[in-house]
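Note sheet for the following structure.
Order of listing sets the numbers, starting from 1, for every ligand and every atom in it.
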Amino acid sequence: MQSSVFVQRRRQLMAALQPDSVVLISAAREQSRSRDTAYPFRQHSDFWYYSGFNEPDALLILSNRADLPAAQLLCREKDPAQEVWHGRRLGPAAASDVLQLQATARSEQASMLNQALNGSRAVYLNLTEQPELLAQITAQMQVLKQREKRGERAPSQLIDLAPLSAAQRLIKDDNEIAIMRQAGQISAQAHIRAMQCCRPGRFEYQLEAEILHHFASNGARYPAYNSIVGSGNNGCILHYTDNSSEMTAGDLVLIDAGCELQGYAADISRTFPVNGKFSEDQAALYQLVLDAQYAACNAVKPGGNFATVTAAAEQVLTEGLLGLGILQGELTQLIADKACKQYFIHGIGHWLGLDVHDVGAYKAENPQGQSSEQSFVPGMVLTIEPGLYIPAGSPTEPRWWDLAVRIEDNLLITKDGHENLTTAVPKEIAAIEQLMATANVS
Ligand code: GLY
Ligand code: MN
Ligand code: MN
């Protein structure tokens, strides 16, 4: 993404602040995995969103004050001895140029922070995610307060940045949409590869490996979250990531996997038979989840919201579960009681973006302070992911036990409705069976 995109985002944020304010955002830290090894570095999403800078040990200072630069970055200095061990650093001189801001060595942090806080009316930072920065700022504010008789001025307000950055990140611009379209495409193809490679006797982690291989081979080095490959009753564990079982003919396998591309997540779930052919009961339960997914997707359009989408899915699931005899009772009452929630135990979906469970409010507040559902508007991206999970011992016939189905797509709200970003991976029963029957990947 070009640096002008980040400049534009910073301008938009500055316009939403109180006058004479400053915004502080810390970069993510490197995380130790075990002695002398670290997890792959992942930048803090807000920091990335406003800077485009992918190093740890950095601080972004944005301001709408006339006497401060609009954007300053404190970052690691060039250091040949460190770089030969741990990798290249951009360094302040190149960072100023590349990122279109004023970059300074990290060693200047104390004085820069003091300069940014002194005379600012309000300080915006993420109050829950960046406790170390909060502690630093609070300490600096105390120093400034003590020096007020010398003419220094401590900010009078600490304001949570999260709602502002979340509102901005919730609406994706054309650059983000192009990347998310590509992330959806790569992830869809990875699911196709998993379907083609699936055989009884293979292990779940081997399908995971096929997926990760496809991600990285197509420019998405990392998954957006740990891939879930759950066969048989492992599918009933929502965040199953052991992926350690051998897959058995006659079982379904539920895969929830998406790549991260330039920071943006895809998030796809598909469920298919290990041996390529649905049994009658598996097909019945699967078709029900698919019908619910279509009903939910049909409700995804401007003016809709997560409540209307949820209601559409729950109506179909409840009717279907009643039809299959998995629920018993009277339909209207079952819907009123939300009886399907016994087997549909998570939400219908979530915002998607730089984080897989992306930021963005689910409720909006009107000027009278009343809370209402956040309406969909063009540029939002969300998942639609109904599922049914029937663990052994559930109060239904044992033939349904241990079945788990989730079908998840990523939808962009457009002015006319939505665009499904992950439609390339089949979800119709016949299409899945045909793909698996004709697979020639060994
Ligand atoms: N992959 C996590 C989720 O579907 O929410
Ligand atoms: Mn998912
Ligand atoms: Mn999801």
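For ligand 1, the polar-atom distance check against Asp267 finds a nitrogen or oxygen pair separated by under 3.5 Å. Considering backbone and side-chain N/O atoms, His239 never comes within less than 3.5 Å of an N/O atom of ligand 1.
Contact analysis puts His357 in contact with ligand 1, with a non-hydrogen atom separation below 4.0 angstrom.
Within ligand 1, the atoms closer than 4.0 Å to a non-hydrogen atom of Glu408 are 4 (O), numbered from 1 in the order shown. Below 4.0 Å from some heavy atom of Asp256 lie the following atoms of ligand 1, by number and element: 1 (N), 2 (C), 3 (C), 4 (O).
Surrounding CD of Gln434 are at most 12 heavy atoms belonging to other residues, nucleotides or ligands under 6.0 Å away.
Residues Phe272 and Pro426 have side chains not in contact (no heavy-atom distance under 4.5 Å, counting atoms from C-beta outward). For the pair Trp351/Gln374, a side-chain contact is recorded, criterion being any heavy-atom separation below 4.5 Å from C-beta on.
Computed with the Mn ion (ligand 2) at the centre, the Asp267 OD1 to Glu408 OE1 angle is 90°, stated to 10 degrees.
Here the closest heavy-atom approach between residue Val253 and residue Cys198 is recorded as CG1-SG, 4.3 Å. Between Gly230 and Asn234, the shortest heavy-atom contact is CA-CB, 3.8 Å.
Closest approach between the Mn ion (ligand 3) and any N/O/S atom of Glu385 involves OE2.
The shortest contact between atom 4 (O) of ligand 1 and any protein heavy atom is with Glu385 OE1, 3.0 Å.
Taking 2.8 Å as the criterion, His350 counts as a coordinating residue of the Mn ion (ligand 3), since one of its N, O or S atoms falls below it. Backbone or side-chain N, O or S atoms of Asp256 reach the Mn ion (ligand 2) at under 2.8 Å.
Taking the centre of each ring, Phe306 and Phe376 come in below the 6.0 Å mark. Between Phe215 and His213, the distance from one ring center to the other does not fall under 6.0 angstrom.
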